[in-house]
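Below, each value reflects all heavy atoms present in this structure, side chains not excepted, and no hydrogens, waters or symmetry copies.
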Amino acid sequence: MVKSGITWRRGVRDGIPIALGYFAVSFALGITAHNAGLSALQATLASFLCNASAGEYAAFTVIAANGAYWEMALMMLVANARYFLMSCALSQCLPADTPLHHRLFVAFDVTDEIFGIAVSAGDRLRPSYLYGAMAVAIPGWAGGTCFGVLMGTLLPNTVVRALSVGLYGMFLAIIIPSARKNRVIAGVVVISMAVSWAAAFLPFLPEGMRIILLTVLISAVAAVLFPVREEKEAAV
């Protein structure tokens, strides 16, 4: 007997906590967009089309540095490359007869959080469930960005500069728990910070290109020196 799929309403319910978290995080991203010179409409549209904190922050950094379009495209590709793997894994969870257009729409908003709730659904996962989660998650992300830009416009510059550190706090909250559990991750984080600081003094290397090169180089070296060993399944 085939199990019935999880409904759209269930997706909305599971997506509400994600939307609330997105609103808080993207508020700091909106401050960054304001500092980069984007209007509320531009930043909101960017968040609606790109639901990714690291990717958007990288894009706004390139914009603030007056980088080229190809630098932004390459930076977005590097920063969001993990979503290729998530989309491939998620496609295996959907029913085999899921039409291509549904797979494409689902892939539009594959984020870490939505991927997490989708995988937990198991063989009951259906596109309608993901659409329900996306229906609240995307407005939460875009709305928080818009609110951040508006507050950046209305608040005094001293307050805006103080709020600008909020996004860095979010990134610290992401890396510190992993760094405490794994010395390799902690070492890579420290080395990345030191190399990024040193590279800032290279006048011939634009900021956008510097971020791209350091991201690819450091991650590649870490992957070669400290590969993640997959556990082999015990023979039956």
Side-chain angles (χ1 to χ4, degrees), residues 22-87 107-112 138 140-153 157 160-175 188-223:
Y22 279 177
F23 187 90
V25 171
S26 60
F27 173 82
L29 190 65
I31 297 293
T32 303
H34 167 73
N35 294 337
L38 274 72
S39 67
L41 177 60
Q42 291 170 331
T44 303
L45 183 60
S47 284
F48 186 82
L49 297 176
C50 179
N51 201 331
S53 56
E56 271 194 78
Y57 175 73
F60 294 155
T61 301
V62 174
I63 291 174
N66 294 319
Y69 287 123
W70 69 268
E71 288 182 333
M72 180 182 294
L74 184 57
M75 186 68 250
M76 295 292 286
L77 178 63
V78 172
N80 296 326
R82 69 185 187 279
Y83 295 123
F84 286 123
L85 302 178
M86 290 185 185
S87 297
F108 169 73
D109 197 43
V110 177
T111 65
D112 300 335
I138 294 177
W141 182 259
T145 305
C146 179
F147 186 64
V149 176
L150 293 176
M151 288 299 98
T153 304
N157 290 333
V160 173
R161 286 195 295 269
L163 292 175
S164 297
V165 304
L167 196 63
Y168 298 103
M170 180 201 71
F171 287 128
L172 288 176
I174 294 174
I175 64 176
V188 171
V189 170
V190 173
I191 292 173
S192 300
M193 294 172 63
V195 174
S196 180
W197 174 80
F201 294 96
L202 299 177
F204 57 87
L205 193 60
E207 184 175 1
M209 178 56 65
R210 183 174 72 244
I211 296 174
I212 296 171
L213 291 177
L214 291 180
T215 301
V216 174
L217 180 62
I218 295 175
S219 59
V221 171

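Atom OG1 of residue T44 and atom CG of residue L150 lie 7.0 Å apart, to the nearest 0.5 angstrom. Rounding to the nearest 0.5 Å places OG1 of T32 at 11.5 Å from CD1 of I63. With rounding to the nearest 0.5 angstrom, the CD atom of E71 is 12.0 Å from the OG1 atom of T61. Note that the CG atom of L29 and the CH2 atom of W141 stand 5.5 Å from one another [nearest 0.5 Å]. How far CG of L49 is from CD1 of I138: 9.5 Å, rounded to the nearest 0.5 Å.
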Kindly list each side-chain donor-acceptor pair under 3.5 angstrom involving residues 189-203, sequence neighbours excluded, with atom names and distances?
unit_1	atom_1	unit_2	atom_2	d
S192	OG	V188	O	2.6

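Relative ring orientation between F48 and F108 is described as tilted, the plane-to-plane angle lying within the 30° to 60° band.
The two residues S26 and G144 come nearest to each other via the heavy atoms OG-CA, 3.1 Å. Summarising the geometry of A59 relative to M76, their closest heavy-atom pair is CB-SD, 3.6 Å, with the distance given to 0.1 Å. Of all non-hydrogen atoms in N80 and C50, the two that sit nearest each other are ND2-SG, 4.2 Å. Heavy-atom minimum distance, A142 versus S47: CA-CB, 3.8 Å. Heavy atoms only, all atoms of each residue included: A43 and V149 are closest at CB-CG2, 3.5 Å.
Residues satisfying the side chain to side chain contact (heavy atoms under 4.5 Å, CB included) criterion with D112, sequence neighbours excluded, are R82, Y83, M86.
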| Where do T145 and Y22 land on the side-chain contact (heavy atoms from CB on, under 4.5 Å) test, with the steps shown first? | CA-CA 9 Å; T145 305; Y22 279 177; over 6 Å; no

